[in-house]
> 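I am attaching a structure below and will ask some questions about it afterwards.
Proteins get letters first, then strands, A, B, ... in listed order; numbering begins at 1 in each.
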Amino acid sequence: MSASESVLVQPDTVRFRPPRPSFPGTVRGELLKASRQLTTWVMLGVALLLFSIFALALLSADQVRTQLHASPLAWYYTVLDILLSLFDTGSGIFLLVVSARLMGMEYSSGTIRILLARGTGRVELLAAKLTALAIGALVLLAGFLILAGAFLSILVRSWEGSLHPLAALPAEAWHYTELQIVVALISMGVCILLGTTAAVVGRSLAFGLAAALAFFPTDNFGTIVLSLLTRVTGKDAWNQVSAYLLGPALNQLPVLLEPQRQARAAFAVPLVKVDATHALVVIAAYGAIFLAASVILTARRDVLE
Amino acid sequence: MNDATVLTTHQLSKSYGSRPAVKHLDLDVRRGEIFGFLGPNGAGKTTTIRMALGLIRPSSGRVEVLGCDIARQKAEVLPRVGALVESPALYTYMSGRDNLRAFAAVLGGVPARRLDEVLDVVDLRGRQKDRVGSYSMGMKQRLGLAVALLHEPELLVLDEPANGLDPAGIVEMRDLMRRLAASGKTIFVSSHVLGEVQQICDRVAIINLGQLVRVAPVADLIGAHGEFEVKLENPERALQLVREQPWGSGARLQEGTLVTTSPSGRGRDLVQFLAQADCWPDAVSERQHDLEEIFLDLTASNGGVN
């Protein structure tokens with residue numbers, strides 16, 4: 001190590017500004033960590049593969065082609081519902097895994113003590129992770145929209161010879177698309193908060209991943225349990241509880257925001273009638289609880305890892 | 001705290017529930033020294049270090065690092081401190097260089113050239129692109145040190161840096177610490193490898209059961225016992241003679257060698273006494289205790305080693 005001697009003896013050979021924790025720097029670090037995770041790329045690869053399979057299935061479906069020719073609006077709604085349902089589910093799983101990993105690995109590997117021992121604030125670190133995840137989610141959504149848009153354009157052009165069926169869609173179709181994108185953004189935000197909170201609560205990667213991934217299946221399944229309890233006890237109060245479950249509220253939101261379409265939600269929905277405002281309040285309440293739990297636990301607990 | 005002091009604890013205490021981990025600890029680490037922090041497992045070393053780095057909050061008392069109260073000025077002072085706390089904490093799925101990039105990004109302003117330099121310092125330039133998961137324990141430990149060195153810290157806090165290292169790795173780490181100290185850095189090192197501490201530290205603090213037992217320069221600790229080892233032809237007779245003296249009641253034989261204090265504390269007075277009694281010594285040497293003996297004595301008398 002003799003070559004390094006001069007570096008140690010003359011520390012001023014490399015000059016840089018006095019170190020100070022910076023929020024943009026911390027966000028950059030988090031993006032680097034997420035981008036270097038093999039799981040991230042494997043999941044994106046699987047998503048691309050599934051999208052390709054879906055595209056091939058659509059290309060070979062004669063009734064879809066017939067529908068496009070007969071009623072472009074109905075065709076557009078059908079394809080968009082399928083695509084966005086797939087995106088919501090896929091992006092949800094992806095963001096739950098990535099967010100639980102990004103936070104949980106700091107506890108499991110003990111790197112949180114190194115980060116905090118460099119002067120990074122605890123809440124600042126959490127905020128940087130959430131920001132990096134939000135950036136990732138936006139890139140994911142943008143990538144999906146570009147991919148889906150390109151696919152639909154190619155499909156329409158090859159079947160109809162021009163983009164006219166798409167260009168001629170009424171304004172309500174684009175309004176519906178915007179609403180669906182807002183729902184996707186809300187869903188991604190909740191997934192990021194849930195994944196992060198699970199890791200913070202358990203202070204472990206394994207716990208964070210398990211809790212985050214189990215949450216939605218559990219509360220979707222919860223509606224079945226509540227329905228059974230209603231039947232067994234004869235009390236409607238159990239059905240009422242389902243109106244306050246996060247998963248069913250998220251599932252029902254796209255339908256509630258556009259009631260004229262009378263679309264059907266994928267997965268479980270509340271067992272009682274709720275409106276869009278109620279669903280949004282329930283989702284916001286869960287988001288606020290997740291965020292508050294993350295902030296309070298991160299800020300107050302000693303770092304023993 | 002003055003300019004010469006870089007780390008001070010004032011009546012620092014930490015309890016977990018009803019169990020005290022650190023009790024009223026007062027320490028001063030001076031600029032430019034290698035300060036050893038010794039104690040058996042569970043003595044409170046790591047808890048103290050975590051409090052010094054703002055990772056856990058003291059139950060009472062406070063810590064000043066580089067003149068700043070760590071509880072209130074963490075963001076100002078911690079970027080000037082490099083730390084290696086317990087086992088090296090790294091992102092094992094990333095390469096060594098990406099680890100440095102990720103940690104450097106937090107503080108920003110680290111040129112790429114500096115990454116190369118610290119990799120050279122810890123001798124990992126050749127493995128910088130390999131996944132950290134494939135590194136040996138010693139390599140991880142060295143990379144952890146490289147992370148700590150990224151921003152030219154004024155104070156390095158190293159918690160058990162020899163943990164998990166093989167003998168060659170321990171020698172490497174020792175050399176590295178010496179060179180860092182020579183470059184003007186203050187090093188606060190906790191360890192239970194006492195031979196290493198004895199070789200590199202200027203001063204040591206010994207802690208046991210959360211309490212400070214002793215702080216002293218290493219030289220004072222190992223030479224402070226005032227005993228002499230005397231080799232002679234008839235040690236039994238010499239022992240009898242010495243024990244009859246008021247200053248020689250603690251004299252004893254160890255493997256045929258007389259171990260005793262001297263009438264005045266000086267070796268030549270002991271030689272003179274023995275010569276006058278016709279017990280001519282073949283050799284007289286001041287007895288040097290090693291740090292391990294002293295450590296065991298001090299911790300045993302203070303409640304025992306866990």
> Verify side chain to side chain contact (heavy atoms under 4.5 Å, CB included) between A/Arg118 and B/Val147, making sure each step is shown before the conclusion.
CA-CA 10 Å; A/Arg118 298 178 87 77; B/Val147 171; 3.6 Å; yes
> When rounded to the nearest 0.5 angstrom, what distance separates CG in B/Leu55 from CG in A/Leu115?
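It is 10.5 Å, given to the nearest 0.5 Å.
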> Name the region of B/Val77, side chain, backbone, both or neither, that has any atom closer than 4.5 Å to a heavy atom of chain A.
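No part of B/Val77 comes within 4.5 Å of chain A.
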> With a 4.5 angstrom heavy-atom cut-off, which part of A/Glu124 approaches chain B: side chain, backbone, both or neither?
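For A/Glu124, no heavy atom lies under 4.5 Å from chain B.
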> Taking atom CZ as the centre, does B/Arg72 end up with more than 12 heavy-atom neighbours from other residues, nucleotides or ligands that are less than 6.0 angstrom away?
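Check fails, neighbour count at 12 or below.
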> With a cut-off of 6.0 Å (strictly less than), are more than 12 heavy atoms of other residues, nucleotides or ligands near CZ of A/Phe267?
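Not more than 12 within 6.0 Å, no.
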> Which atoms of B/Glu76 are under 4.5 Å from chain A, going by heavy atoms: the side chain, the backbone, both sets, or neither?
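Its backbone and side chain both get close to chain A.
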> Locate the shortest heavy-atom distance separating B/Pro79 from A/Gly119; write the atom from each residue and the value.
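Scanning both residues, the minimum pair turns out to be CD-CA, 4.3 Å.
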> Closest heavy-atom contact between B/Ala83 and A/Ile114?
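So the two residues come closest at O-CD1, 4.2 Å.
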> Give a yes or no on whether a salt bridge exists between B/Arg50 and A/Asp302, defined as a side-chain N under 4.0 angstrom from a carboxylate O.
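Salt bridge absent between B/Arg50 and A/Asp302.
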> For the candidates B/Asp98, B/Val81, B/Val157, which exhibits the highest count of non-hydrogen atom pairs separated by less than 4.5 Å from chain A?
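Ranked by heavy-atom pairs under 4.5 Å with chain A, first place is B/Asp98.
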> Can you tell me which portion of A/Arg122 sits under 4.5 Å from chain B's heavy atoms? Options are side chain, backbone, both or neither.
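Just its side chain gets close to chain B.
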> Find the one option among A/Arg300, A/Glu30, A/Arg28 whose heavy-atom pairs under 4.5 Å with chain B are most numerous.
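Answer, by heavy-atom pair count under 4.5 Å with chain B: A/Arg300.
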> Measuring heavy-atom distances to chain A, does B/Thr92 have an atom under 4.5 Å in its side chain, in its backbone, in both, or in neither?
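Neither part, no heavy atoms under 4.5 Å.
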> Determine whether a donor-acceptor pair (N or O, by modelled atom type, separation under 3.5 Å) exists between the side chain of B/Tyr93 and the backbone of A/Lys33.
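Between the backbone of A/Lys33 and the side chain of B/Tyr93 there is a qualifying donor-acceptor contact (under 3.5 Å).
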> Evaluate whether atom CZ of A/Phe221 has more than 12 neighbouring non-hydrogen atoms of other residues, nucleotides or ligands under 6.0 angstrom away.
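No.
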> If you take all heavy atoms of A/Leu32 and B/Met94, which pair is closest and at what distance?
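Minimum heavy-atom separation between A/Leu32 and B/Met94: CD2-CE, 4.2 Å.
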> For the residue pair A/Arg113 and B/Leu53, establish whether any side-chain heavy-atom pair is separated by less than 4.5 Å.
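A side-chain contact is absent here, since even the closest heavy-atom pair is not under 4.5 Å.
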> Between A/Thr26, A/Thr111, A/Ile112, which has the largest tally of heavy atom pairs under 4.5 Å with chain B?
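Winner by heavy-atom pair count: A/Thr111.
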> Does any heavy atom of chain A fall under 4.5 Å from the side chain of B/Arg125, the backbone, both, or neither of them?
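Neither the backbone nor the side chain of B/Arg125 comes within 4.5 Å of chain A.
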